[in-house]
Chemist: 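This is the structure I want to talk about, given as structure tokens.
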Amino acid sequence: MNAQRAISVFLFTAFLAALARPQLDQKVTFETKATTAPKAIEALAKAVNADLKAGPEFANEPLILAVHDMTLQALMDRIASVTLGKWEQSGTTYRLVRDKEKLQALTAAKFSERSAGFKDAVAQYVKQHADEAAWNEKYVQDLINKERESRSKLLEDLAKNNPDIGTARVNIMKGSSRASSPASPAMIEVLKHLPSDALASVAPGTRAVFSSSPTRMQKGLPFPTAGIINRFVDSHNLLARLSGGKSGVPDNVHFTGGLDIGAKPISAPVTKMLLILTRSQNSEGISCVLKFADSSGAIIGQANSWLQPEAKPAETGDRSKFESADDVNISELSLEVAKALVNGRANDGAQNNVFVFGGDSGTFRIGSDSPTPGPSISKEALALLSDPVRNDPQSTFVSEALLSSAKALHRDLVASLPDEVVLPLARALNQPVKAGQVWDKVQEAKARVAELDGCILASPLDRIASASKQMDRAAAGRLLGVLTSKGYPRLYDLAKYSQSFAIGLVPDNLGLITLQTVDPFAQAAFVAAFEQRPALLQFLGTFNPTVFEGLNKNNDMTVASLSPPQRAYLERDAYGPDGFGGIIGLGDFVGISINSGDSPPQEPKGPSLADEPTEAMPNGLPLEGKVGLTFSPMGAVQGLFKNARNGQFLTAGALGGMRAMQANNSVPELAGKMLQYDSYVPAQGFKVTLQREFVKGANAKNDYEDFWLPSGATAVAFDKLPSDFLDAVKKAQEEMSKAGMHFGGRGNKPPL
């Protein structure tokens with residue numbers, strides 16, 4: 001009897017398990033606009049009465065589905081295909097996870113392609129610089145003659161424009177990423193010996209430092225260096241011999257950069273060679289800087305080069321099959337959202353005719369990028385844009401265009417598209433678009449389009465590159481929620497949001513585009529703060545927000561007292577592309593400084609290994625290094641446009657300068673554009689100063705501004721603002737008026 005009961009219980013349990021197990025051969029008819037993969041699969045699971053889930057790695061990956069009488073197994077396979085995922089079964093549960101093997105293979109293929117691209121780029125560079133590589137007497141003598149001619153012309157122009165220059169000390173800095181130097185032949189030898197994998201492995205927004213005698217923060221050069229160092233010394237000494245060590249300029253003039261025709265022979269040993277590889281966030285290319293140093297740490301030779309792998313031709317897909325004369329159907333609300341995104345982006349004016357004035361009363365910017373209100377949109381459209389967690393950015397016109405097109409083409413649809421499709425589709429849908437043309441636009445926006453058994457499959461063309469441009473829905477939602485509730489963000493809000501980005505901003509990240517549309521002032525404030533030092537803004541976001549509530553507050557810390565994430569952000573800042581103490585930029589430039597009168601002549605400081613953070617801090621950030629946060633109060637107002645949803649915070653210096661420019665401007669329309677504020681709300685604020693001293697005597701600091709509206713603050717006319725603030729505005733206005741600055745039209749430089 002007991003055995004019979006046990007068998008019965010077993011059979012009943014097995015029967016229940018069979019009922020709970022998903023019927024993979026069942027036919028499914030299901031449709032959803034874009035929502036993140038976990039939400040889309042949760043909705044699908046309810047529709048088919050199955051236990052389906054998606055892992056957290058898909059939190060920012062939207063899915064658009066529209067299938068009719070497709071088996072659940074086929075649908076799951078197609079979802080896995082477009083998301084680069086796979087289904088793992090545990091009991092009756094099927095979970096979508098990232099297919100690590102496919103991702104690794106894709107990453108390896110991408111790396112191999114990039115490495116091959118750099119191998120070709122180096123070969124091309126060596127071929128183009130064959131004369132430079134030779135560095136023989138004729139080549140060097142021609143360089144000397146050109147340098148002397150260039151200096152003579154520069155000094156002649158300087159004397160014409162400064163006839164009273166007399167015997168004043170004149171320092172002239174010249175630079176060019178294309179200039180030849182005695183280190184150039186050595187650079188060519190380095191690139192010929194450097195494995196292309198070393199170039200390919202530099203990640204966006206990072207740098208790698210190779211050394212002939214590496215510190216813990218450097219990598220060893222993967223080839224013998226003695227011969228290359230000797231090549232540099234021989235090239236330098238040839239230049240010194242042919243030029244005779246004569247700079248060809250008066251004694252009161254000192255040249256830095258360009259060809260060093262005043263070079264003296266090298267007799268002491270070269271003790272170190274550095275190769276610094278830097279990659280910006282938005283570029284495939286690598287900046288290469290080669291430095292040679294003597295025993296004192298002085299840089300006695302440097303060469304620069306730029307390597308850019310050739311872009312691979314874009315893939316073609318199955319879009320030619322999709323032909324339909326039907327127009328896609330977009331709702332009025334979705335069309336309004338599309339237009340708002342396009343118009344919001346259009347407000348991001350060119351950086352022409354911009355004048356920045358700094359003074360004791362504050363800093364302000366005037367010109368063609370003067371603040372203008374964001375696009376005027378309805379409450380319904382604003383609600384859609386400002387809640388990307390509930391309403392995915394692809395759930396409006398993107399989803400409607402794809403679903404309408406698939407229906408017109410009589411196809412099923414499974415799509416997981418990169419956010420890069422949003423803006424191109426927004427532009428395209430501002431006019432009638434045929435159903436078949438939608439897929440042209442999708443594929444032009446870096447997506448792959450294919451067809452399988454009557455189902456359109458759409459996915460990122462380059463999943464790895466697209467991932468860095470994907471909007472963090474939760475982070476953006478938190479910031480946009482603050483904006484729509486309070487009308488402005490605090491510095492802490494911006495700092496927390498910055499942590500959703502990599503080291504550098506990707507301009508076409510949908511989060512930035514949406515933020516710019518919802519509140520262009522908040523977007524401008526975020527970009528300005530982020531671009532100062534990205535890792536430092538992210539560092540500020542690690543603190544408790546109560547830190548930002550007090551005024552006249554000092555917070556002194558040591559590296560040892562910081563949490564691991566805080567140290568990581570500071571280390572990223574110190575050793576990243578910006579570098580501790582700054583890294584000299586590349587490009588053509590001429591800088592001139594003149595010391596005269598009572599100013600003592602100062603010899604310009606020469607480049608040194610001490611300027612290289614991996615040398616100055618060879619073992620990582622020193623635990624005794626000091627970090628400080630200081631909060632200084634600032635008076636401010638929020639200027640409100642008549643028809644804008646919210647406004648811009650202004651210091652007394654900014655407002656006074658703008659009023660001065662209005663009264664002293666050669667183009668009244670430009671001044672009128674700058675002063676369209678209808679009213680002002682008295683505000684509070686402070687300047688946050690972040691100070692670092694990791695190496696004794698090497699101080700660095702960055703300032704950020706934070707503003708907020710006190711409880712109960714109301715808008716008033718300008719003359720009703722607090723008297724002390726009006727006095728500060730008047731003072732700033734007088735300072736600016738004395739400067740006598742006039743502006744021409746758009747695109748003309750201010751006559752400074």
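For clarity, every value in this text was computed on a predicted model and none was experimentally measured.
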Chemist: Compare all side-chain heavy atoms of Asp387 with those of Leu480 and state whether any distance is below 4.5 angstrom.
Modeler: no
Chemist: Looking only at side chains, do Ser334 and Glu400 share a donor and an acceptor under 3.5 Å apart?
Modeler: yes
Chemist: Using the rule given for side-chain hydrogen bond (donor to acceptor under 3.5 Å, both in side chains), can you reason through Gln104 versus Thr107, listing the C-alpha separation, both sets of side-chain angles and the distance that settles it, and then say yes or no?
Modeler: CA-CA 5 Å; Gln104 289 172 355; Thr107 303; over 6 Å; no
Chemist: Given 3.5 Å as the limit, does a donor-acceptor pair link the side chain of Lys39 with the main chain of Val389, or not?
Modeler: yes
Chemist: If the threshold is 4.0 Å, N to carboxylate O, is there a salt bridge linking Lys469 and Asp419?
Modeler: no
Chemist: Checking Gln538 against Arg572: is there a side-chain donor and acceptor pair closer than 3.5 Å?
Modeler: yes
Chemist: Any donor and acceptor pair, going by atom type alone, linking the side chain of Ser201 with main-chain N or O of Ala198 inside 3.5 Å?
Modeler: yes
Chemist: Check whether more than 12 heavy atoms from other residues, nucleotides or ligands sit under 6.0 Å from atom CD of Glu310, and answer yes or no.
Modeler: no
Chemist: To the nearest 0.5 angstrom, please state how far the CG atom of Leu72 sits from the CG atom of Leu24.
Modeler: 5.5 Å
Chemist: I want to check something: taking the side chain as every heavy atom from C-beta on, are Lys100 and Lys86 in contact at a cut-off of under 4.5 Å?
Modeler: no
Chemist: Answer whether the closest heavy-atom distance between the side chains of Glu336 and Leu333 falls below 4.5 Å.
Modeler: yes
Chemist: With rounding to the nearest 0.5 angstrom, report the CD to CG distance, Gln648 to Asp519.
Modeler: 10.0 Å
Chemist: Would you give the length of the straight line joining atom CG of Leu84 to atom CD of Glu101, rounded to the nearest 0.5 angstrom?
Modeler: 11.5 Å
Chemist: Donor-acceptor pair, Ser404 side chain versus Asn329 backbone, under 3.5 Å?
Modeler: yes
Chemist: With a 3.5 Å distance limit and no angle check, can you tell me whether Ser405 reaches the backbone of Ala435 through a side-chain donor-acceptor pair?
Modeler: yes
Chemist: Are Tyr497 and Phe526 close enough that their ring centers fall under 6.0 Å?
Modeler: yes
Chemist: Taking only residues two or more places apart in sequence or in another chain, which ones pass side-chain hydrogen bond (donor to acceptor under 3.5 Å, both in side chains) with Thr71?
Modeler: none
Chemist: Within a 6.0 Å radius of atom NZ on Lys486, are there more than 12 heavy atoms belonging to other residues, nucleotides or ligands?
Modeler: yes
Chemist: How far apart are the C-alpha atoms of Thr32 and Leu63, what are their side-chain angles, what is the distance that settles it, and do they pass the side-chain contact (heavy atoms from CB on, under 4.5 Å) test?
Modeler: CA-CA 8 Å; Thr32 179; Leu63 266 180; 5.7 Å; no
Chemist: Which residues pass the side-chain hydrogen bond (donor to acceptor under 3.5 Å, both in side chains) test with Asp462, not counting sequence neighbours?
Modeler: Lys110
Chemist: Quick one: do Arg533 and Asp573 satisfy salt bridge (charged side-chain N to carboxylate O under 4.0 Å, His left out)? Show the steps, please.
Modeler: CA-CA 7 Å; Arg533 310 279 294 211; Asp573 178 73; 2.9 Å; yes
Chemist: Checking side-chain contact (heavy atoms from CB on, under 4.5 Å) for the pair Ser386/Leu483: CA distance, chi angles, key distance, verdict?
Modeler: CA-CA 9 Å; Ser386 57; Leu483 284 174; over 6 Å; no
Chemist: Specify the closest pair of heavy atoms between Ala208 and Lys219, including all atoms of both residues, with the distance to one decimal.
Modeler: CB-NZ, 4.4 Å
Chemist: Between Glu284 and Gln308, is there a side-chain heavy-atom distance shorter than 4.5 Å?
Modeler: yes
Chemist: If you compare all heavy atoms of Leu335 against all heavy atoms of Leu429, which two are closest, and at what distance to 0.1 Å?
Modeler: CD1-O, 3.3 Å
Chemist: Measuring centre to centre across the rings, with the benzene-like ring taken for any Trp, is Tyr704 within less than 6.0 Å of Tyr492?
Modeler: no
Chemist: Mind checking the CG-CD1 spacing from Leu385 to Ile377? Nearest 0.5 Å is all I need.
Modeler: 5.0 Å
Chemist: Given Gln394, which of Leu402, Val422, Leu425 fulfils the side-chain contact (heavy atoms from CB on, under 4.5 Å) condition?
Modeler: Val422
Chemist: With heavy-atom distances below 4.5 Å as the criterion, would you say the side chains of Arg473 and Pro393 are in contact?
Modeler: yes
Chemist: Does any part of the side chain of Tyr94, heavy atoms only, come nearer than 4.5 Å to the side chain of Met76, both counted from C-beta?
Modeler: yes
Chemist: Heavy atoms only: give me the nearest Gln499-Gly541 pair and the separation to one decimal.
Modeler: NE2-C, 3.2 Å
Chemist: Spell out, as yes or no, whether a donor-acceptor pair under 3.5 Å connects the side chain of Gln523 to the backbone of Leu515.
Modeler: no
Chemist: Any luck finding a side-chain donor-acceptor pair between Asn544 and Thr546 under 3.5 Å?
Modeler: yes
Chemist: At their closest point, which heavy atom of Asp508 faces which heavy atom of Ile513, and how far apart are they?
Modeler: O-CD1, 3.9 Å
Chemist: Looking at Leu621, is its backbone amide N or carbonyl O close enough to the side chain of Arg567 to form a donor-acceptor pair, meaning the two atoms are under 3.5 Å apart?
Modeler: no
Chemist: What's the verdict on side-chain hydrogen bond (donor to acceptor under 3.5 Å, both in side chains) for Ser115 and Ser196, showing C-alpha distance, side-chain angles and the deciding distance?
Modeler: CA-CA 5 Å; Ser115 181; Ser196 57; 2.8 Å; yes
Chemist: Take His68 and Asp412, measure what side-chain contact (heavy atoms from CB on, under 4.5 Å) needs, and give me the verdict at the end.
Modeler: CA-CA 7 Å; His68 304 83; Asp412 289 328; 3.2 Å; yes
Chemist: Please determine whether side-chain contact (heavy atoms from CB on, under 4.5 Å) holds for the pair Phe530 and Phe501, giving the CA-CA distance in whole Å, both sets of side-chain angles, and the decisive distance to 0.1 Å.
Modeler: CA-CA 10 Å; Phe530 194 97; Phe501 287 82; 4.0 Å; yes
Chemist: Check this for me, if you would: do Arg490 and Asp706 make a salt bridge, where the nitrogen-to-carboxylate-oxygen distance has to be below 4.0 angstrom?
Modeler: yes
Chemist: Using modelled atom types and a 3.5 Å cut-off, is there a donor and acceptor pairing between side-chain atoms of Gln26 and backbone atoms of Gln23?
Modeler: yes
Chemist: Counting distance only, does the side-chain N/O of Ser399 pair as donor-acceptor with the main-chain N or O of Thr396 below 3.5 Å?
Modeler: no
Chemist: Would you please indicate if the ring centroids of Phe539 and Tyr569 are separated by under 6.0 Å?
Modeler: no
Chemist: Please name the pair of heavy atoms, one in Phe58 and one in Thr36, separated by the smallest distance, quoted to 0.1 Å.
Modeler: O-CB, 4.3 Å
Chemist: Checking Thr278 side chain against Pro577 main chain: does a donor-acceptor pair fall under 3.5 Å?
Modeler: no
Chemist: How long is the span from the CD atom in Gln532 to the CG atom in Leu690, to the nearest 0.5 Å?
Modeler: 10.0 Å
Chemist: Can you confirm whether Glu42 sits close enough to Thr35 that some side-chain heavy atom of one is under 4.5 Å from a side-chain heavy atom of the other?
Modeler: no
Chemist: Ignoring hydrogens and geometry, is there a side-chain-to-backbone donor-acceptor pair from Thr206 to Ala203 under 3.5 Å?
Modeler: yes
Chemist: Should Asp453 and Arg78 count as an ion pair when the cut-off is N to O under 4.0 Å?
Modeler: yes
Chemist: Is any side-chain heavy atom of Ile79 closer than 4.5 Å to one of Leu65?
Modeler: yes
Chemist: Kindly indicate, with the supporting measurements, whether the criterion side-chain hydrogen bond (donor to acceptor under 3.5 Å, both in side chains) is fulfilled by Asp472 and Ser500.
Modeler: CA-CA 6 Å; Asp472 186 319; Ser500 68; 4.8 Å; no
Chemist: Could you tell me the separation between the CG atom of Leu457 and the OG atom of Ser416, rounded to the nearest 0.5 Å?
Modeler: 11.0 Å
Chemist: Ignoring hydrogens, what is the shortest heavy-atom contact between Trp439 and Leu409? Give both atom names and the distance.
Modeler: NE1-CD1, 3.5 Å
Chemist: Less than 4.0 angstrom from a charged side-chain N to a carboxylate O is my criterion; do Arg463 and Glu61 meet it?
Modeler: yes
